[in-house]
There are 2 protein chains.
Amino acid sequence: MNKSAVLSSPTFSPLYRQIKALLVQQLQSGEWHPGEVIPSETELAVRFSVSQGTVRKAVDELAAEHLLVRRQGKGTFVASHDDPRAFFRFLRLMPINGEIQQAKSIPLECWRAKAGPEASRMLAIKVGDPITVVRRVLQFAEKPTVVDEIYLPGAIFGAITLDMLRDYQGSLYSFFEDRFGVRMVRAEERLRAVAADRSSAELLHVAEGSPLLSVERLSFSYADKPVEWRRGLYSTQEHCYFNELG
Amino acid sequence: MNKSAVLSSPTFSPLYRQIKALLVQQLQSGEWHPGEVIPSETELAVRFSVSQGTVRKAVDELAAEHLLVRRQGKGTFVASHDDPRAFFRFLRLMPINGEIQQAKSIPLECWRAKAGPEASRMLAIKVGDPITVVRRVLQFAEKPTVVDEIYLPGAIFGAITLDMLRDYQGSLYSFFEDRFGVRMVRAEERLRAVAADRSSAELLHVAEGSPLLSVERLSFSYADKPVEWRRGLYSTQEHCYFNELG
DNA sequence: GAGTGGTCTAGACCACAAC
DNA sequence: TTGTGGTCTAGACCACTCG
């Protein structure tokens, strides 16, 4: 194999990154599903005609980005939102006092709409394209704590119904993963403090006008494709948004 | 060197982690200062009697944790808060519209006190131990946006005065680094939405009772030693707290 | 050209999990 | 025992920076 031709190309990309891109492509194409093992490093090395160390470096990066999960002695797996270790990566709310509880999602509404200027900009679709909107409440220990409004491109999630959401056991991202083959890989959140509107105040059992944490999130799938935009209002009476600055 | 004795010890720690620990120790002891180069990989390999690859893996992890910064062709440097790339790692506030501006810190007060139960718990010191408290406002484009109250262990920061803070050009963490040799390595933040009290409302030019973002931060130096606890109130009229969920 | 970090290889051996 | 990921080594060569 003529490596020098590859290595000295004008837009230099090391071999392991090319391997990485191939692996991401496999993940994106749905060849390997969340929770499944991928071929061993030695097999991938043979398949791509590179050394095991090069595959290793590619897998290392994908593991650091939480696309893959390594388990010594068992193999390398496609990351999944079913994995309990992934639960609190996208929901940063924790009780101020007391231990962590599991959240319970209560879907309220689900309807179709056409993308307005904001949704179309966020989701990188055209104004007027179909979108699906979900409204739900999140409870901790029976107490309503978050109200979310979730905007999804209809092209992908057009088939969602309220009943599907109600029947599903597990997190919303597990639902997207299992039912629609869409895995959320990373997200951007923008937080502000706002006053509770009447409707949210009722749902969260707080006074109208009391301070709530507004969390806008844009989630991306493989290839940095935006696939979900949501706005949540968090009651922070008994919970706080936890963040680690590395 | 008898590696097997090391490798098969009951609390197994790979060689590169031991090297990493040694490097952290050097950083902590102040042998290498922020902004300076550290010895080259090959020299460290000789010094520690390991291969260059092992040193490399140790340095890789420290670079990922932002303790070191690698620059191809130049060397490996001790990370510093003076580096513009580090500015926005600890201040996650950005304008909702418009481009990023530089923050301006306005120190208001600086006094000594004795640690109460909360400060002592956070800073891992005894109740009654001396602490230094700083109060300041942060401005963006001349608009007051954040009011901070900062609690520091007096044993380390007892010498701080309001004049020192006023005279210093640069961020507070650069100040700690330059003047006290204390480098903040990571931090935990807890966010809530609260109503503005009278004093903060005046400082931030908002109405009393309007929603503010409360950000409590505990910062750690090397060896996970807590060295700063602060509470900030952020006005999120024109700014938002940006967070990336990896 | 000399020195630094960055990539790639090949091979040996260790730790862990499963059968 | 076998197969997986994890560690460690030694050496070659590439890319970048600076004098």
Side-chain angles (χ1 to χ4, degrees), chain A residues 1-23 32 35-64 66-79 83 85, chain B residues 1-23 32 35-64 66-79 83 85:
Chain A
M1 187 175 179
N2 180 0
K3 261 110 196 188
S4 67
V6 176
L7 291 177
S8 55
S9 62
T11 54
F12 169 65
S13 170
L15 237 192
Y16 75 87
R17 277 201 196 277
Q18 302 175 37
I19 303 299
K20 183 182 170 187
L22 290 174
L23 293 174
W32 302 323
E36 290 179 4
V37 240
I38 71 169
S40 73
E41 292 181 352
T42 48
E43 189 188 329
L44 289 173
V46 172
R47 189 180 299 186
F48 295 131
S49 306
V50 298
S51 80
Q52 193 213 354
T54 300
V55 170
R56 171 160 272 274
K57 189 146 188 188
V59 172
D60 275 346
E61 287 203 355
L62 292 172
H66 304 109
L67 297 200
L68 297 176
V69 176
R70 323 187 73 140
R71 288 185 222 171
Q72 182 170 135
K74 300 175 80 170
T76 300
F77 298 76
V78 182
D83 188 326
R85 280 166 290 193
Chain B
M1 186 176 180
N2 179 0
K3 262 110 194 187
S4 66
V6 176
L7 291 177
S8 56
S9 62
T11 54
F12 169 65
S13 171
L15 236 192
Y16 74 87
R17 278 200 195 279
Q18 302 175 36
I19 303 299
K20 183 182 170 189
L22 289 174
L23 293 175
W32 302 323
E36 291 180 2
V37 241
I38 70 169
S40 73
E41 293 181 351
T42 47
E43 189 188 328
L44 290 173
V46 171
R47 188 181 299 187
F48 295 131
S49 305
V50 298
S51 80
Q52 193 213 354
T54 300
V55 170
R56 171 158 271 274
K57 190 146 188 188
V59 172
D60 276 346
E61 288 202 355
L62 292 172
H66 303 109
L67 297 202
L68 297 176
V69 177
R70 324 187 71 140
R71 291 186 220 167
Q72 183 171 132
K74 300 176 80 171
T76 301
F77 297 75
V78 181
D83 188 327
R85 278 167 291 193

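With rounding to the nearest 0.5 Å, the separation of OG1 in A:Thr54 from CZ in A:Phe48 is 11.5 Å. Taking OG1 of A:Thr76 as the reference point, atom CH2 of A:Trp32 lies at 10.0 Å (rounded to 0.5 Å). The CG atom of B:Leu44 sits 12.0 Å away from atom CZ of B:Arg56, with the distance rounded to the nearest 0.5 Å. Interatomic distance, CG of B:Leu62 versus CD1 of B:Ile19, reported as 11.0 Å (0.5 Å rounding).
Taking only side-chain nitrogens and oxygens, B:Thr54 comes nearer than 4.0 Å to OP1 or OP2 of D:dT9. Remark: B:Arg56 is in phosphate contact with C:dG6, judged by side-chain N or O atoms under 4.0 Å from OP1 or OP2. Checking the phosphate oxygens (OP1, OP2) of D:dG5, a side-chain nitrogen or oxygen of A:Thr76 falls inside 4.0 Å. Between D:dC8 and B:Ser51, no contact under 4.0 Å exists linking OP1 or OP2 to a side-chain N or O.
Atoms CG (B:Leu62) and P (C:dG5) sit 14 Å apart, rounded to a whole Å. In this entry the distance linking CZ of B:Arg17 with P of D:dT7 reads 7 Å, nearest Å. When rounded to the nearest whole Å, the span between CD of A:Gln52 and C1' of D:dT7 equals 11 Å. Distance B:Phe48 CZ to D:dT9 C1': 18 Å, rounded to the nearest Å. Summarising the geometry, the separation between CD1 on B:Ile38 and C1' on C:dT4 is reported as 12 Å, rounded to the nearest angstrom. If you take CD of A:Glu61 and C1' of C:dT7, they are 12 Å apart, rounded to a whole angstrom. Per the geometry, CD1 belonging to A:Ile19 stands 11 Å off C1' belonging to C:dC8, to the nearest Å. When the P atom of C:dT9 is taken as reference, atom CG of A:Leu44 falls 14 Å away, rounded to whole Å.
Checked by atom type and distance alone, the side chain of A:Gln18 pairs as donor or acceptor with a backbone atom of A:Ser13 at under 3.5 Å.
The two residues B:Val37 and B:Gly75 have their closest heavy-atom pair at CG1-CA, 4.3 Å. B:Ala58 and B:Tyr16 make their closest contact through CB-O, 3.3 Å (heavy atoms, listed as atom of the first residue, atom of the second, distance).
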Table of protein N/O atoms under 3.5 Å from nucleotides 16-19 of chain C N/O atoms:
unit_1, atom_1, unit_2, atom_2, d
C:dC16, O4', A:Gln72, OE1, 2.9
C:dA18, OP1, A:Lys74, NZ, 3.4

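Here the side chain of B:Lys57 is nearest to one of C:dC8, D:dC8, D:dT7, namely D:dT7. Residue B:Val50 places its side chain closer to D:dT9 than to any other of D:dT4, D:dT9, C:dT4.
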